[in-house]
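In the text below, chain A, chain B and the rest are named by the order of the sequence lines, each starting its count at 1.
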There are 2 protein chains.
Amino acid sequence: MTVTIKDVAKVANVSYSTVSKALNNSPLVKEATKKKVLKVAKELGYEPNLAAKQLVSKRTEVIGLVWPTIERIVLATLVTNISNAFKQTPYSMILSVDTPETAMETFRKFSVDGIIAFAESDLPLESFANIPVVNYGVYKQGDVSYPTIDANHEKAIELAVDHLHRQGHKHIVYAGLLDTTDPLQIEKVESYRKAMKKFSIENCIHEVDTKGLDWQDGYHAVDKILQSDPIPTAIIGGSYDISGGIVRALQEREISIPEEMSIVSYDNIPQMETMEVPMTCVGVPVNELAKEIVSSIIDLIEEKEEDAWIKKLTPVLTVRESTAFNK
Amino acid sequence: MTVTIKDVAKVANVSYSTVSKALNNSPLVKEATKKKVLKVAKELGYEPNLAAKQLVSKRTEVIGLVWPTIERIVLATLVTNISNAFKQTPYSMILSVDTPETAMETFRKFSVDGIIAFAESDLPLESFANIPVVNYGVYKQGDVSYPTIDANHEKAIELAVDHLHRQGHKHIVYAGLLDTTDPLQIEKVESYRKAMKKFSIENCIHEVDTKGLDWQDGYHAVDKILQSDPIPTAIIGGSYDISGGIVRALQEREISIPEEMSIVSYDNIPQMETMEVPMTCVGVPVNELAKEIVSSIIDLIEEKEEDAWIKKLTPVLTVRESTAFNK
DNA sequence: AAAATAATTGCAAGCGTTATCAAAAAAAGG
DNA sequence: CCTTTTTTTGATAACGCTTGCAATTATTTT
């Protein structure tokens with residue numbers, strides 16, 4: 001039937017406690033035996049019994065990810081990247097698409113060692129009874145009740161403006177969600193203004209409210225952009241989807257990208273590369289974000305730091321084919 | 001610390017094996033003691049230790065759901081509905097967004113009792129070593145290697161045509177993905193043709209290829225629809241997203257729904273109700289789909305049927321405000 | 001080469017449950 | 001009132017694993 005530690009022990013000709021230690025890479029067992037055990041284990045197709053492990057060690061090496069809503073593709077991509085990042089570790093991840101409350105119940109049932117949450121999800125703080133949590137994104141400006149990972153949004157937008165400015169653009173419009181209380185969206189526009197000032201083109205500041213973050217929101221924002229005077233030569237799209245909509249709308253009007261219009265998108269996900277026009281974008285690459293989140297939660301579990309902190313990751317500019325010199 | 005069965009035993013003044021039986025509602029313990037034990041357990045806030053339970057009973061009461069890609073909202077809604085449906089049962093669900101191969105690994109690690117998969121995911125058949133699987137949707141026409149749940153698509157489309165036909169529509173256009181090998185999409189158009197024939201309006205058969213299943217695909221199909229002669233009075237949208245795009249495009253052209261154009265959408269998800277125009281739709285309601293999937297996998301686990309079968313669920317027509325009599 | 005020290009290995013005690021079966025208590029029968 | 005039968009309870013052995021600690025073996029020291 002199922003291969004246990006004892007079966008491995010028998011074949012490897014050592015005691016089963018040695019097998020256990022070998023499998024856990026304990027320094028108390030000789031390298032040679034460790035190798036032998038590992039080889040036998042593999043041959044027999046040994047798989048550790050999680051329940052037994054958990055029962056004695058009180059740890060599960062399982063981390064729960066609360067993902068209450070099927071949201072924008074950026075988050076979806078982040079989730080898959082996080083899931084991937086765990087493959088390099090002894091931990092596994094389970095996902096709950098329930099409300100935070102029921103997710104917490106499930107996670108307690110599984111006795112997960114740690115939890116990853118997104119700012120969007122509004123966690124029931126009380127129910128965490130000393131189980132480590134890492135949060136992605138901030139709830140409100142300045143609020144850091146948990147260890148929090150976030151991108152340096154200000155820097156990201158500055159990177160976008162800088163890039164366009166170097167290419168000779170002055171009339172750079174920011175197309176994003178403006179009329180909102182979402183701190184992230186607010187920070188992005190404000191950063192845009194700041195950056196325009198920094199490069200002394202604040203007289204060209206020009207913002208278009210997309211009213212949302214989706215494809216159609218970008219698509220419909222193009223009308224407004226093209227009606228302005230002077231017509232901008234470059235656009236900063238506030239999200240992956242917004243930029244996608246903008247590109248399509250421009251193409252339909254036969255305005256060529258990047259010859260007649262440059263566009264830089266916020267968000268840095270692999271999908272940017274495979275868009276109709278490979279997109280120049282700014283943001284923390286989603287795989288880095290994922291790696292950081294994963295290593296943070298593991299550190300937290302293994303070192304049990306207590307404080308809430310915030311870590312702002314440095315974004316990068318990825319230049320592709322949607323931007324060019326302004327002639 | 002954590003309250004165990006032994007703590008309960010001590011307080012209730014019985015042996016801990018009696019407590020175990022009482023908690024599992026065994027007929028071998030007296031009603032009176034059962035009540036007493038349950039009361040004490042509650043008072044002490046006893047929570048059963050899943051790991052210990054698993055270790056001895058060999059069952060985890062956990063079911064894995066393979067969801068490799070973040071796909072159309074219909075699937076996302078189905079996933080959350082399935083997750084909800086499990087709440088009525090002793091089982092819990094874990095989700096893997098990995099490739100089917102790695103998902104299987106994770107599931108093996110957790111020793112899930114069963115697996116739910118979507119036809120889209122192309123499972124590695126070999127790796128299932130007698131763990132029950134339920135599949136949603138069919139891979140290819142007629143292929144049922146697993147117990148499979150699916151909607152009766154033919155019936156659904158017929159329902160749509162019937163509804164429109166009763167309202168006096170003849171020029172009913174089907175807007176969906178036509179140029180594809182996806183058996184589901186093919187079945188839908190063919191069902192459309194069949195239904196049109198059934199109601200003797202096959203001379204009005206009119207299909208528009210959306211080239212995809214997304215919002216923008218629907219949006220752009222409207223041009224083609226409006227260029228035809230005669231202009232149809234009703235549209236069957238091939239998916240939730242397609243229909244959404246169609247509605248928006250019609251509204252932009254100030255063609256009022258349902259006065260000037262009726263539209264029935266394929267897919268029956270709650271979001272249909274909250275669209276810009278509450279949408280008349282056909283399909284198996286997702287919550288029913290979810291319930292059926294959940295009860296099937298549980299039956300399979302508990303009764304261990306061996307055969308592959310396919311269960312076609314009966315779709316329903318949900319009439320809302322996107323359809324009206326043709327005048 | 002013997003003694004001391006260090007590096008490995010093995011033993012055995014749990015972890016919190018369930019499940020089997022023997023023991024005890026209660027009920028029934030003679 | 002003592003057997004016999006039935007109902008109820010309680011020991012106890014797994015389940016597969018980790019983990020101190022004791023036992024063994026290998027390596028230094030003297």
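When rounded to the nearest whole Å, the span between CG of A:Leu23 and P of D:dG16 equals 15 Å. Summarising the geometry, the separation between NZ on B:Lys30 and P on D:dT6 is reported as 19 Å, rounded to the nearest angstrom. Straight-line distance from the CG atom of B:Asn49 to the P atom of D:dC15: 18 Å, rounded to whole Å. Note: CD1 (A:Ile5) to P (C:dC15) measures 19 Å, nearest angstrom. One interatomic measurement links the two molecules: NZ of A:Lys58 to P of D:dT19, which rounds to 12 Å at whole-angstrom precision. In this structure, the CG atom of A:Leu50 is 17 Å from the P atom of C:dG16, given to the nearest Å. Rounded to an integer number of Å, the gap from NZ of B:Lys6 to P of C:dC15 is 7 Å. For the pair A:Leu28 CG and C:dA6 P, the computed distance is 15 Å after rounding to whole Å.
Here A:Thr18 does not reach the OP1 or OP2 of C:dT8: none of its side-chain N or O atoms lies under 4.0 Å away. The phosphate of C:dT18 has OP1 or OP2 within less than 4.0 Å of a side-chain N or O from B:Asn24. An OP1 or OP2 oxygen of C:dC15 is reached within less than 4.0 angstrom by no side-chain nitrogen or oxygen of B:Tyr16.
Heavy-atom neighbours of B:Lys109 NZ from other residues, nucleotides or ligands within 6.0 Å: above the threshold of 12.
Looking at heavy-atom distances under 4.0 Å, B:Ser20 makes contact with a base. Residue B:Ser17 is in base contact, counting any heavy-atom pair closer than 4.0 Å across all strands shown. Nucleic acid contact for A:Glu31: none, since no nucleic acid atom lies under 4.0 Å from a heavy atom of the residue. Heavy atoms of B:Lys21 sit under 4.0 angstrom from at least one base atom.
Nearest-nucleotide positions on DNA chain D place B:Val29 closer to the 5' end than the other of B:Val29 and B:Leu55. In terms of position on DNA chain D, the residue among B:Ser57 and A:Lys53 whose nearest nucleotide sits closer to the 5' end is B:Ser57.
One distance of note links NZ of A:Lys39 with CG of A:Leu44; it measures 10.5 Å at 0.5 Å rounding.
Put simply, the residue from A:Ile297, A:Ile82, A:Leu313 that forms a side chain to side chain contact (heavy atoms under 4.5 Å, CB included) with A:Glu292 is A:Leu313.
One side chain, B:Thr60 or B:Asp113, offers a donor N or O that lies under 3.5 Å from an acceptor on the other.
A salt bridge is absent between B:Arg108 and B:Glu105: the closest approach of a Lys/Arg side-chain nitrogen to an acidic carboxylate oxygen does not fall below 4.0 angstrom.
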